[in-house]
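Right, one structure below, let's go through it.
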Amino acid sequence: MITQSCKDSLDMISVNDFRVVDRIPRIMNVLGVLSEFEVGEQDDEGVTSPDVSKPRRIIVANQLPIRGHRNEETKDWFFELDKESLVLQLKDGFPANSEVWYVGLLKVDVDKKDQDEVARLLFYMFRCVPVFLTADQKNKYYHGFCKHYLWPLFHYMLPLSPSHGGVRFDRSLWEGYIVANRIFANKVTEILRPHKDSVWVHDYHLMVLPSFLRKRFNRVKLGFFLHSPFPSSEIYMTIPVREEILRSLLNCDLIGFHTFDYARHFLSCCSKMLGIDYQCQRGYIGLDYGGKTISIKILHMGIHMGQLESVLNMDQTATLAKQLKEKFEGKIVMVGVDDLDLLKGISLKFSAMGRLLEMRPELIGKVVLVQIANPARSQGKDALEVEKETTLVAQQINRKYGYKGYQPIIFINGQVSTLEKAAYYAISECCVVNAVRDGMNLVSYKYTVCRQGSPVLDKALGIDESYPRKSFLIVSEFIGCSPSLSGAYRVNPWDVGAVADAMYVGIQMKDEEKHLRHEKHYKYISSHDVAFWARSFDLDLERACKEHHLKRYYNVGFGLNFRVAAVGTNFRMLTIERVAAAYNNTNSRLILLDYDGTMMPQSAVDKTPRSEVISILDCLCSDPKNVVFIVSGRGRDPLSKWFSPCEKLGISAEHGYFTRLLSCTFH
């Protein structure tokens, strides 16, 4: 396979050279000649080729920021950028002169015969390199190990039984996860310039990919960010392959987490399982691993302010918001937007709404909870059970407290556009984020920005621009955004009564206090957007890698226990030839030999030295240029007995507490 990194290193292949290698797949043919195009040059299809002199950021994620579909009549493929994709939005935080390339899976299945053509199209149009997995590989990697084993466990759901908490560890699923990560690494290798590019790997889907890249490219600038929670050590230690995952992550230069708690759990696992402790230097947290300092980054991601503000300035958003305001005239609207999965706590939120109406019957007919449920990201029985339970709870509450023309819970189950969500946010007095566990959750951020409004939206809703903005947030204690929202009302989602009380507080709170809370949140959210997050991570990755060229690297270990040993540039690995030459050219030699684990295997039951060992020691001691010592933690009596035949051998027992100089007695 001809790769970009190999091509850049050799710098010997021209465009015409590739005309004789037609056996190479078309996409590889294209990748191979990229560096030969001049800046701005176009190929025969009129598409501008990349400028390989620019610094590049290679973003590796489970999915590409691409939407695609196929025309069933013409069989043609059509693709467009998914502007709501996080990995696309973070581009705004990188320097203007850098290129951003993407590696990941497509959201649609592509027939094998079309894969080369689709890969070529995506590469030229969007700088995207698709990873293609077979149905079996994807099922084991994504639906099996990622979504039904790692995801529940990282969210504190242990597989106590086959019907609860996800699937139990399955070696075949783990092997499928490794295979998929290796395929991702191969795709990165095709476009990587190891001494120029930086690689940013995202989330738990690709936690062993760093080992594959580091083994091939010791000096590559490699960062990883975990978007889910990192569980406490008591939970994480239940994973049978826990050390392999930890060691693979430690092959990165920078590891990022949303909150300090997540980072603390990771550091605790490194300490307990690998014996590696962290240090804080000049405001940075670092782990000393194999002679390298692995930096730890703690900063949550944000939203794309420009994109959301553009939605708020659309006439369609303003029109829909006006219609919704008229529909709910005279009612207090609370809103929730969650994925339809087990951990988002939607049924608990509905129960809290029922408790509120039970405790405060005067609110019946005056308050409405609008819950938008995004489709579940995983498949299986658990997703269907969550949908069934959630729908049942909503129906029960609506039957009990609803009447003709009024439903206390409006449950919208299905795909809802960003425009529609923005309209619901804009007319809602309160937002309830009730997840029982979530890595970050940006719903509260989006709600706050939408409540800030826009000129177009204000005009449609009849709001004066000088009118003080207000919002009220109810957030779970167990989600990543909670620490950053100091003005939010934090709740334990399992305490239905407490959530109901929080809803009532939001309904009764004075507008002046809501305004103060809103101003505090909006100022923070607008300044800590996705570009700020990406820029900060990128700068810290550069800082973490600034000493790469000052060290030499050696590969140590096999498989996923692989790591690199970093040493100074003056370090030279000892070889038999080097040791033998130094030995022969020296007239005075001190030879210190450890016993257990060196001269004698640790696993040996009988620790008495064999006759061959005694013979070798006698031979060394017979040379007048040598002074030979056995250094051991063992007591002096067994050592004296075992090595009594070696009269010229020195012994240092009990780690040097007792020493016998040559044939003398211990002192």
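Gln307 places no side-chain N or O within 3.5 Å of a backbone atom of His304 that could act as its donor or acceptor partner. In this structure a side-chain-to-backbone donor-acceptor pair under 3.5 Å is present from Asp529 to Phe532. With hydrogens and angles disregarded, no donor-acceptor distance shorter than 3.5 Å links the side chain of Asn139 to the backbone of Ala135. Formation of a donor-acceptor pair under 3.5 Å by the Arg552 side chain with backbone atoms of Gly568 is not found in this model. No side-chain donor-acceptor contact under 3.5 Å links His258 to the backbone of Gly439. In terms of modelled atom types and a separation under 3.5 Å, the side chain of Arg70 and the main chain of Lys75 share a donor-acceptor contact. Arg214 places a side-chain N or O within donor-acceptor distance of the main-chain N or O of Asn251, the cut-off being under 3.5 Å. Side chain of Asn584 to backbone of Ala580: a donor-acceptor contact under 3.5 angstrom is found. Checked by atom type and distance alone, the side chain of Asp82 never pairs as donor or acceptor with a backbone atom of Pro65 at under 3.5 Å. Without hydrogens or angle criteria, Lys551 side chain to Gly291 main chain gives a donor-acceptor distance under 3.5 Å.
Using a 30° and 60° split on the angle between ring planes, Tyr524 and Tyr445 fall in the perpendicular class, above 60°. Phe169 and Tyr149 have perpendicular rings, their planes meeting at more than 60° on a 0 to 90° scale where under 30° would count as parallel. Classification of the Phe257-Phe266 ring pair by plane angle, with boundaries at 30° and 60°, yields tilted. By the 30° and 60° cut-offs, the orientation of the rings of Trp174 relative to Phe145 is tilted. Under the 30°/60° scheme for interplanar angles, the aromatic rings of Trp533 and Trp200 are found to be tilted.
Taking CD1 from Ile66 and CG from Leu121, the interatomic distance works out to 9.0 Å, rounded to the nearest 0.5 Å. In this structure, Ile178 CD1 and Met207 CE are separated by 11.5 Å, a value rounded to the nearest 0.5 Å. Expressed to the nearest 0.5 Å, how far CG of Leu287 lies from CG of Leu246 amounts to 10.0 Å. Here Cys270 contributes atom SG and Leu249 contributes atom CG; the two are 8.0 Å apart, rounded to the nearest 0.5 Å. Distance check, rounded to the nearest 0.5 Å: CZ of Arg127 to CH2 of Trp101 gives 6.5 Å. Taking CZ from Arg247 and CG from Asn561, the interatomic distance works out to 5.5 Å, rounded to the nearest 0.5 Å.
With 3.5 Å as the limit, one finds no donor-acceptor pair spanning the side chains of Asp203 and Asn62. With 3.5 Å as the limit, one finds no donor-acceptor pair spanning the side chains of His148 and His143. Side chain to side chain, Asn186 and Arg216 meet the donor-acceptor criterion of an N or O pair below 3.5 Å. There is a side-chain donor-acceptor pair under 3.5 Å between Asp277 and Ser271. There is a side-chain donor-acceptor pair under 3.5 Å between Lys297 and Ser536. For Asp170 and Ser172, the side-chain atoms include at least one donor-acceptor pair closer than 3.5 Å.
Looking at heavy atoms from C-beta onward, Leu593 lies in side-chain contact with Met599 at the 4.5 angstrom threshold. No side-chain heavy atom of Tyr177 sits less than 4.5 Å from a side-chain heavy atom of Lys140. Taking 4.5 Å as the limit, some side-chain heavy atom of Val179 sits within range of a side-chain heavy atom of Gln137.
Salt-bridge check for Asp538 with Arg535: failed, with every basic side-chain N at 4.0 Å or more from each acidic carboxylate O.
None of Asn181, Ile58, Val199 except one satisfies the side-chain contact (heavy atoms from CB on, under 4.5 Å) rule with Leu213; the exception is Val199. The only member of Lys221, Lys546, Lys292 that meets salt bridge (charged side-chain N to carboxylate O under 4.0 Å, His left out) when paired with Asp253 is Lys292.
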For Phe184 and Val60, what are the C-alpha separation, side-chain angles and deciding distance, and is it a side chain to side chain contact (heavy atoms under 4.5 Å, CB included)?
CA-CA 8 Å; Phe184 272 84; Val60 191; 4.0 Å; yes
Does the pair His69 and Phe78 meet the rule for a ring pair (Phe, Tyr, Trp, His ring centres under 6.0 Å), with working shown?
CA-CA 6 Å; His69 70 276; Phe78 297 91; 5.5 Å; yes
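The two residues Met305 and Ser526 come nearest to each other via the heavy atoms CE-CB, 3.7 Å. For Ile298 against Thr259, the heavy-atom pair with the smallest separation is CG2-C, 3.5 Å.
Seen from the ring of Tyr156, Arg437 counts as a face-on cation partner, given the 6.0 Å and 45° thresholds. Within the cation-pi definition used here (under 6.0 Å to the ring centroid, within 45° of the axis), Arg543 qualifies as a partner of Tyr284.
Checked against the 6.0 Å centroid criterion, the rings of Phe230 and Phe154 qualify as a close aromatic pair.
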